[in-house]
Amino acid sequence: MSAEPTANAAPDASPAPSDFIRDIVARDVAEKRHARIVTRFPPEPNGYLHLGHAKSICLNFGVARENHGVCHLRFDDTNPVKEDAEYVESITRDVRWLVEGWADQCLGFKPKGATPAAGTVNGKPDFHLSAVAAGAEAEPFFASDYFEHIHGYAVELIKRGKAYVCDLSPQETDAYRGAPDHPGKDSPFRNRSVEENLALFARMRSGELPDGACSLRAKIDMASPNIWLRDPLLYRIRHTAHHHAGKKWCIYPLYDFAHCLSDYLEGITHSVCTLEFEVHRPLYDWILQSLELPRTLPHQYEFAKLNISYMVFSKRRLLQLVSDGAVAGWDDPRLPTLAGARRRGIPAAAIRRLAATVGVTKYESVTDIALFEHAVREELNAAATRRLAVLHPVKVVLTNIAPGETVTCRAVDNPQDPAPRTREVALTREVFIEQDDFAEVPPPKYFRLKPGGEVRLKYACIIRCDEVVKDATGRVTELRCTADLATRAGQPDADRKVKGTIHWVSADRSIEAEVRLYDRLFTVPEPGATEDFQRHLNPRSLEVVRARLEPSLAAARASEPFQFERLGYFTPDAKDSRPGALVFNRTITLKDTWAKPAGKG
RNA sequence: UGCCCGAUGGUGUAAUGGCAGCACAAACGAUUCUGACUCGUUUUGUCUAGGUUCGACUCCUAGUCGGGCAGCCA
C-alpha cells in the first residue's frame, strides 16, 4: 500500500521558507561547520507565550526541522524574583501545542535531572549537555541547571584578570557607567588582585553579604561607545529561593553571562534572538572568547520581532489587562497569547502559516491583522466541519408542514473535502432563521427573505414568506411561510434557483447553547503606542448570545473546529463547555462582502 | 555632539549587479444550495541627492526618516 498524502499535509508540503537567517545556516551547513544544527527557544518563565514568541518558535524550530537538527526548549531562568513554575508549565504546554505534527521530532529536551557532563576536548576540560527526544523521562533545559558551571566560568574569568568584584552601589554603578554620548569612568575596585577578587566572590556566594553589597563585573572598557561593554555585571547577590534550583544559591548570573554560556554548554550552533539584543552581541562574543573554550562557539543572530495591528504584545501590557480584569485571564480568547488563541479555536497550523507569511527580516514592521485572519481562515476552511446554527433566532412557521411531521434532508459536512461526508438534518413545521436574514423593508440588492419573497433553506427547500406576525411593540415575532417541498434535492424542482440561500435549524430538533462572539480587543491599529492603551479597549469585544444549534453539535469535542454555515468558525470552549450546557467560541467570522453594502443601505 | 541597525505598492515580503514578482487588502466581474470557497480582471511600489557601472532595489558617499542601546530585567 502506498501512503497517500493527506489533505491536511499542505503546510509540510509547502516550499521551505528562505530568509537571511536560513541563508546563514545554509552557508554553515554547506561549509560543514557543524555536525548538526542546534537552535534553541529560550523564554524566561515570567509570563505566558504570545504570537510574538510564536514567530521565534517557528523560526528556531523551522531551522532545526529543515536541517535535520534539533531545537532546545530552554528556560532562561536567571532571575528568581520574577519567575514562577506556573509559567514553566504553561510555556512547555504552548510550545508543544505549536510544534505538534510539524516539528515535534525536533523538540529537544534533556534527561530528567541531567546537567552538563565533564569531559576533555583538545586537551582542555569541557562540559556538554546534549538533547534527547521530549519523552516521558525528559524535561526542558534550564539555565539554572548550569549555575555550578557558570559559576566556574566566572571564577575562570577572575583568574584570567577579566572580571572583578565591585563594591559600587547600584546607583554609583549607574553614575559611573556614563551615557551613550559620553564615556563612563573606571570603578575604584577595578584593579583588585586576582586573589582578592577570588576571596570576595567566594564571600558573595557564601551568603554573608546582603543584596546589592557588591557584584561581579567583566573588565572590558568603560569608554566603549557600546554601553554593554562598559564593565557589565555578571553576577548579583539575591537572597531569594529559585523555583527550579531551590535554595542553593544567593548569587545569580545575569542574562548576558548566562545566555552565551548556556548556548555553549548545550552545543547551540545558531543563537537567534530579537533585534534589541543586537548591541549585546559583542559582549556575547567577548565572554566566550575570553574563556578560550575548546569547542566551536555559538553565534548570535538577530531578527525583528512580530507586531500585528490591533494587538498588544508587551508582557507588561498583557499583564495589566489580566490584572485589571479587562480580560478574564491569560487564556482569554481575545488575547494574543497562545493559550488564548488555542482556546479561541485558532489552529497551531494557522499560526505557523502566519509566521511563514510574515517571514524573517531586520525591518520592524507592523503586520496587518488581515494577514493573520487570512491565515486562520485558510486553515479552518479546509479543516472545519460544517454545521447549521442560528445565533439570533426568529421563528418561521412552515404552514404546509403538519405539526410533528419531519422532512429529512441531507447536509454536507465539508464541501472542501474531496470525498465529503454527509449527515441528516430534520426540517419541521417550526424552524429558526437568523434575524438578519429577514427584512420587512429590504435594502437594495437584498438576497434574503422579505414579505412575499422566496429564499432557499440550505439543504432543504425554497420557502415563501406569506405573513409577518408582530407583537404590540412592532417587533417581528414570527414569519408564516410556505415550503415548496418539490425543490428539495432529488425532487422535480430541485434545480429551481432563488437568489438567496440561508441557514436554519428546526425549532424542536435543535439544542440551545451559549455562544461567545469575539471582536478585536482594541479599536485602533496601534494600541500599544501610548501608555493609556486601555482607553482604546473595544467595548464590544465580547458579545454573548443564546443560540440554537443542530443537535449533532451536542457531541462536539473540545477544540474541534466547526464552521457554522454563513456565520464563521466556532469551537467548544475547552474550559466552560459542559454536556447539556454547551459553550462555543467564535474563532473568526467568514469574510463578508455583503456587510459593507448592507451597512451603507 | 555617541554607537548600532533598518527603509521595496495601503500591509507583509521576493528579486543577493541583468524583465521589480508573490501573498494579503481594495475594486470590478464569473461561479455558487455558504453574499464563504474557487476563478478572472484591475489599481497601487524601490526614502532623497550624488557617485561607480553597458546596466543599480542591490555597490559607494552624504542626507532624511524610523527603531534599538545608559536594569544588580530578559
Side-chain angles (χ1 to χ4, degrees), chain A residues 18-20 23 42-44 46 76-79 81-83 166 168-170 173-175 177-184 211-217 224-230 232-238 252 254-256 258-259 273-282 302 304 308-309 315 354 356-375 377-378 381-382 386 388 411-412 415-416 445-448 456-462 487 489 494-495 497-503 563-568 589-595 597-598:
Chain A
S18 166
D19 54 65
F20 79 99
D23 289 349
E44 184 188 19
N46 68 347
D76 226 341
D77 54 348
T78 56
N79 186 5
V81 305
K82 288 195 173 182
E83 298 159 9
C166 178
L168 253 24
S169 70
T173 306
D174 265 359
R177 186 157 29 230
D181 57 353
H182 67 268
D211 287 7
C214 52
S215 61
L216 184 73
R217 293 231 253 166
S224 170
N226 183 343
I227 299 282
W228 292 99
L229 261 19
R230 321 246 262 228
L233 272 75
L234 269 19
Y235 264 94
R236 80 289 227 188
I237 302 172
R238 278 264 192 289
Y252 292 96
L254 277 112
Y255 164 84
D256 287 292
H259 199 89
C273 60
T274 47
L275 244 25
E276 65 265 31
F277 294 102
E278 213 163 14
V279 288
H280 295 238
R281 192 188 334 134
E302 310 86 12
I308 300 179
S309 60
K315 209 167 265 182
L354 174 74
T357 301
V358 300
V360 180
T361 66
K362 299 184 80 159
Y363 176 63
E364 298 248 25
S365 57
V366 179
T367 297
D368 191 331
I369 193 169
L371 263 49
F372 171 70
E373 294 175 340
H374 175 74
R377 291 190 180 109
E378 279 280 298
N381 181 42
R386 264 102 255 225
L388 296 175
V412 178
Q416 305 292 318
K445 297 243 183 101
Y446 190 76
F447 296 169
R448 286 111 99 144
R456 179 178 283 278
L457 296 185
K458 183 143 198 194
Y459 305 124
C461 63
I462 293 170
T487 59
D495 292 333
K497 304 291 182 201
V498 285
K499 198 64 186 164
T501 298
I502 64 173
H503 59 277
Q563 184 194 99
F564 292 176
E565 295 211 41
R566 299 211 308 133
L567 294 172
T589 61
L590 255 25
K591 261 180 79 175
D592 187 0
T593 47
W594 165 245

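Chain letters run A, B, ... following the sequence lines, proteins first, then strands; residues in each count from 1.
With its glycosidic angle more than 90° from 0, G9(B) adopts the anti conformation.
Residues Thr357(A) and Thr367(A) form no side-chain contact, since every pair of their non-hydrogen atoms from C-beta on lies 4.5 Å or further apart. Counting heavy atoms from C-beta outward, Arg566(A) and Thr501(A) have side chains that stay 4.5 Å or more apart. With a 4.5 Å cut-off on side-chain heavy atoms, Pro282(A) and Asn226(A) count as touching. The side-chain heavy atoms of Trp594(A) and Lys445(A), taken from C-beta on, include a pair separated by under 4.5 Å.
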side-chain contact (heavy atoms from CB on, under 4.5 Å) between Arg217(A) and Arg230(A): does it pass, once the steps are laid out? CA-CA 9 Å; Arg217(A) 293 231 253 166; Arg230(A) 321 246 262 228; over 6 Å; no

Does the pair Thr487(A) and Val498(A) meet the rule for a side-chain contact (heavy atoms from CB on, under 4.5 Å), with working shown? CA-CA 11 Å; Thr487(A) 59; Val498(A) 285; over 6 Å; no

Given the rule in the side-chain contact (heavy atoms from CB on, under 4.5 Å) test, do Leu254(A) and Leu234(A) qualify, once you have shown the distances and angles that lead to the verdict? CA-CA 5 Å; Leu254(A) 277 112; Leu234(A) 269 19; 5.9 Å; no

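Rounding to the nearest 0.5 angstrom, the gap separating the CG atom in Asp19(A) from the NZ atom in Lys362(A) is 12.5 Å. Rounding to the nearest 0.5 Å gives a distance of 5.5 Å between NE2 of His259(A) and CG of Asp76(A). Separating the CG atom in Asp368(A) from the NE2 atom in His374(A) is a distance of 12.0 Å, to the nearest 0.5 Å. The line from CG of Leu354(A) to CD of Glu378(A) is 12.5 Å long, rounded to the nearest 0.5 Å. Of the inter-residue distances, the one linking Lys458(A) atom NZ with Leu388(A) atom CG reads 8.0 Å to the nearest 0.5 angstrom.
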Pairing annotation in dot-bracket form, given for RNA chain B with Watson-Crick or G-U pairs under 3.5 Å and | for cross-strand partners: .((((((..((((....[..)))).(((((.......)))))....(((((..]....))))))))))).....

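With P as the reference atom, A23(B) and G55(B) are 33 Å apart, rounded to whole Å. Taking atom P on both nucleotides, C59(B) is separated from C19(B) by 16 Å, rounded to a whole Å. As rounded to the nearest Å, U61(B) and A70(B) have C1' atoms that lie 31 Å from one another. Taking the P atom of each, A49(B) and G17(B) are spaced 24 Å apart, rounded to whole Å. Between the P atoms of G50(B) and U16(B), the separation comes to 26 Å (whole Å). For the P atoms, the distance from A15(B) to U31(B) is 40 Å, rounded to whole Å. With both ends at atom C1', the span from C57(B) to G9(B) equals 14 Å, rounded to whole Å. G35(B) sits 28 Å from U42(B) when the P atoms are compared, rounded to a whole Å.
Sequence order on RNA chain B of the closest nucleotides to Ala370(A) and Val366(A) puts Val366(A) first from the 5' end.
Atom-to-atom, CG of Asp19(A) to C1' of G12(B) comes out at 14 Å; the value is rounded to the nearest Å. For the pair Leu371(A) CG and A14(B) P, the interatomic distance rounds to 13 Å; values are reported in whole Å. Counting to the nearest Å, the P atom of U8(B) and the NZ atom of Lys362(A) are 16 Å from each other. Atom CG in Asp368(A) sits roughly 7 Å away from atom C1' in A25(B) (whole-Å rounding). Atom OH in Tyr363(A) sits about 21 Å away from atom P in C4(B), given to the nearest Å. As rounded to whole Å, 9 Å separates atom C1' of C5(B) from atom CD of Glu302(A).
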At under 4.0 Å between heavy atoms, how does the protein contact nucleotides 62-74 of chain B? Give one character per nucleotide, 5' to 3', with B, S or -. -----SBSBSBBB

Can you check each nucleotide of nucleotides 33-45 of chain B against protein heavy atoms at under 4.0 Å and return B for base, S for sugar-phosphate only, - for none, in 5' to 3' order? BBBBSS-------

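Backbone-only engagement by Thr361(A) is indicated by non-hydrogen atom pairs under 4.0 Å involving sugar-phosphate atoms exclusively.
For the OP1/OP2 pair of U13(B) and a distance below 4.0 Å, the side-chain nitrogens and oxygens of Ser365(A) include at least one atom meeting the criterion.
The residues Glu44(A) and Lys82(A) are annotated as not salt-bridged, no charged nitrogen and carboxylate oxygen being separated by less than 4.0 angstrom.
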